[in-house]
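A note on names: the letters A, B, ... follow the listed sequences, proteins ahead of strands, and every chain is numbered from 1.
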Amino acid sequence: MQTVYNTLTRHVEPLVPVTPGKIGMYLCGPTVYDDCHIGHLMGPVLFDAVAKWLKARGLAVRFVNNITDIDDKIINKSVETGEPWQAITARYSQQYFDLLKRLHVDTITDHPRCTEYVGQMTAYIQDLIAKDRAYVAADGVYYDVAKQGGYGKLSGRKVEEMIAGVRVERDSGLRSPADFALWKLVKPGEPSWPSPWGDGRPGWHIECSVMTHHTLGHSFDIHAGGEELKFPHHENEIAQGEAHGGCYAKVWMHNNLVQFEGHKVSKSDPRMKDPAFRGQFKALNVLDQFGAPTIRLLLLSGHYRRPVDFGPTAITAIRTSLGRMLTALGPVAEEPSAPILDALLALPVSEAVAKARAAFVASMDEDFNTGGAIAQIHVLLAEARKAPEAERGTILRLARDLGRLLGLLMPGDAATLTTEAPASDDTLDQVMALVLELRQTARANRDFATSDLIRDRLKAAGITIKDAKDGATWSR
RNA sequence: GGCGUCGUGGCGGAGUGGCUACGCAGCGGAUUGCAAAUCCGUGUACUCCGGUUCAAAUCCGGACGACGCCUCCA
């Protein structure tokens, strides 16, 4: 039985699909106004693994991940740079898609864009006004929080306490400081869409309620997102959704955040002003430097409700570990395969192997414990080493295919680990071939002083030589 | 202050009331001319204080501490 921790109930509970055999899942996506950073990757990678596992368990998964392409930050960027906002959002959404592809995130079925749903949003807001759950104020339309029973149930807040903490800083005709914008009336120079209340644009929270409604319906199985979105974003989504349709997501899953040396790195962190510091968090840089498969493994290496540390020590350890897994698999790592869980479970294997296999499944079944599951892959690889030759291939393929169910150990992953020598540097290739030949001659003559000198000097120059039975290889 | 997650060996990180997690690093060995890589072996860990129990890192209570949210953020 699949279980899942539900933020709403604060318990691990059975995952019971709204519609038998199907799962509808929504993940809050990025606002596309700047380069993606490492944190943007956590949600997609984790919930891709979740979706993959649910599919392996025989469920049909519709996985919606929106793109926020209307927002203050986008407008600001456009004003700053003079670039049309459409060009900005097109560029960064493409970057996001490219990153997902490199990370083997391929279960997302829908990428709705905010701008495609403005009409549905105004209709939805009209409905909220008709139900007396929203009202028109001087600068837009607002949600009336006081009318929402149970507001704050997700994040454990009480409206009164929140209001007490809010500074009364503006007098825009709000009924309560806790009320939030559904529709913002246009200010000069801003992009806008028509509405019954005048030209403007949607507020932040309404898009998700509307897009979940139109893709997944009033009630759906899983709403996912980063922890920092619990309040106010998800709380407000619930308010809107319940006001509109009487119900909303059944299960809320929140992933903890990517940290750097024990702390979250916010946009407002002073160090972010330093381009070099910022650069090391940019997703493109990270993937180029360490390889997408390493990052995927890192993000899945622990439990998703605990923070994952993204730092030099952690990431190097993961990369080494991944390299050894792939080495252990050998040619098996590159074979294409389309694993089917039931078939893997039916494989006749030794007791020890079956135990690890069962532990893998149990880990995933229990709140998607990817870290525990990955540990079992290591166990299986160790079993493969011990196993008789005849059984080894079966065990290796089992380990690999369980990994592949989570998007790990995919064909081509090994290539991302070797720092690619500047491609097609023919000159260097020829020089190195000569050097290795001369060194081999020296070794044949037992002139190890020369042999070692060559290796040491090349090492100092950044080239590593490894001697193997069938000759030496080099890399850098 | 309010809400939430959590406190495990050098580091990272799973965990079932009694049985080796796992990874990285280290150490010993095999192999190698020497290295590297690989393989084998190797760790009496569980914040503190009470309680429940035949038995608790695992359940309950308390303390202390960490991190996150409450403001842009994935």
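Within 4.0 Å (heavy atoms only), A:G43 reaches no atom of the nucleic acid at all. Heavy atoms of A:Y33 sit nowhere under 4.0 angstrom from any nucleic acid atom. Within 4.0 Å (heavy atoms only), A:E366 reaches sugar-phosphate atoms of the nucleic acid but no base atom. Looking at heavy-atom distances under 4.0 Å, A:G39 makes contact with a base. Looking at heavy-atom distances under 4.0 Å, A:H254 makes no contact with the nucleic acid at all.
Each of A:L41 and A:Q259 has a nearest nucleotide on RNA chain B; the 5'-most of these lies closest to A:Q259. Each of A:H303 and A:A328 has a nearest nucleotide on RNA chain B; the 5'-most of these lies closest to A:H303.
The separation between A:E227 atom CD and B:rC72 atom P is 17 Å, rounded to whole Å. Rounded to whole angstrom, the span from the CG atom of A:N256 across to the C1' atom of B:rA74 amounts to 11 Å. Rounded to an integer number of Å, the gap from NZ of A:K153 to C1' of B:rG4 is 17 Å. For the pair A:F260 CZ and B:rG68 P, the interatomic distance rounds to 14 Å; values are reported in whole Å. The separation between A:M325 atom CE and B:rU38 atom C1' is 17 Å, rounded to whole Å. Rounded to an integer number of Å, the gap from A:H40 NE2 to B:rC72 P is 15 Å. In this structure, the NZ atom of A:K77 is 15 Å from the P atom of B:rC73, given to the nearest Å. B:rC73 atom P lies 9 Å from atom NE2 of A:H233, rounded to whole Å.
A donor-acceptor contact under 3.5 Å is formed by the side chain of A:K264 with the base of B:rC73. Residue-to-nucleotide contacts include a donor-acceptor pair under 3.5 Å from the side chain of A:K355 to the base of B:rU20.
Contact between the side-chain N/O atoms of A:Y5 and the OP1/OP2 oxygens of B:rU5 is found at a separation under 4.0 Å. Remark: A:R385 is in phosphate contact with B:rC39, judged by side-chain N or O atoms under 4.0 Å from OP1 or OP2. Applying the 4.0 Å criterion to OP1 and OP2 of B:rC73, one finds that A:K73 has a side-chain N or O inside that range. Close to B:rG68, at under 4.0 Å from its OP1 or OP2, lies no side-chain N or O of A:R305. Regarding contacts with the backbone of B:rA74, a side-chain N or O of A:K267 is found under 4.0 angstrom from either OP1 or OP2.
Comparing atom distances between the A:R157 side chain and each of B:rG2, B:rC73, B:rA14 picks out B:rG2 as nearest. Closest to the A:W204 side chain, of the nucleotides B:rC3, B:rU38, B:rC73, is B:rC73.
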Protein-proximity profile, nucleotides 22-34 of chain B, B/S/- by nucleotide at the 4.0 Å heavy-atom cutoff, equals SSSS-------BB
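A centroid separation of less than 6.0 Å is found between the aromatic rings of A:F97 and A:H111. Checked against the 6.0 Å centroid threshold, A:Y304 and A:F368 do not count as a close aromatic pair.
With no hydrogens or angles considered, no side-chain donor-acceptor pair links A:D69 and A:Y92 at under 3.5 Å. With 3.5 Å as the limit, one finds no donor-acceptor pair spanning the side chains of A:H104 and A:D48. Between the side chains of A:N236 and A:Q240, not a single donor N or O lies within less than 3.5 Å of an accepting N or O. Under the 3.5 Å distance criterion, with hydrogens and angles disregarded, a donor-acceptor pair is assigned to the side chains of A:R443 and A:Q440.
Partner of A:Y26 under the side-chain hydrogen bond (donor to acceptor under 3.5 Å, both in side chains) criterion, out of A:T215, A:N66, A:T212: A:N66 alone. Here the options are A:Y248, A:W204, A:W252, the test is ring-ring contact (aromatic ring centres under 6.0 Å, His included), and the partner is A:H234; only A:W252 passes.
The partner of B:rU53 is absent, by the rule that a Watson-Crick or G-U pair needs both atom distances under 3.5 Å. Figure legend. B:rC69 is base-paired to B:rG2; pairs are counted as Watson-Crick or G-U wobble with both atom distances under 3.5 Å. Base pairing of B:rG33 is not made with any nucleotide, judged by Watson-Crick or G-U wobble geometry with both donor-acceptor distances under 3.5 Å. Base pairing of B:rC22 is made with B:rG12, judged by Watson-Crick or G-U wobble geometry with both donor-acceptor distances under 3.5 Å. Base pairing annotation: B:rG43 forms no Watson-Crick or G-U wobble pair, as no partner gives both donor-acceptor distances under 3.5 Å.
Annotation: B:rG51 and B:rC11 have their P atoms spaced 31 Å apart (nearest Å). Comparing B:rU47 with B:rA56, their P atoms are spaced 15 Å from each other, to the whole Å. Using P as the reference atom, B:rG61 and B:rG23 are 35 Å apart when rounded to the nearest Å. Comparing the C1' positions of B:rU42 and B:rU20 gives an interatomic distance of 12 Å, to the nearest angstrom. Spacing between B:rC49 and B:rG65 at atom C1', rounded to whole Å, works out to 15 Å. Rounded to whole Å, the separation between the P atoms of B:rC39 and B:rG50 comes to 46 Å. If you take atom P in B:rG29 and the same atom in B:rA35, they sit 11 Å apart, rounded to whole Å. With C1' as the reference atom, B:rG68 and B:rG26 are 34 Å apart, rounded to whole Å.
Using the six-membered ring where Trp is involved, A:Y151 and A:F231 have ring planes that are perpendicular, over 60° apart on the 30 and 60° scheme.
With rounding to the nearest 0.5 Å, the separation of CG in A:L322 from CD1 in A:I318 is 8.5 Å.
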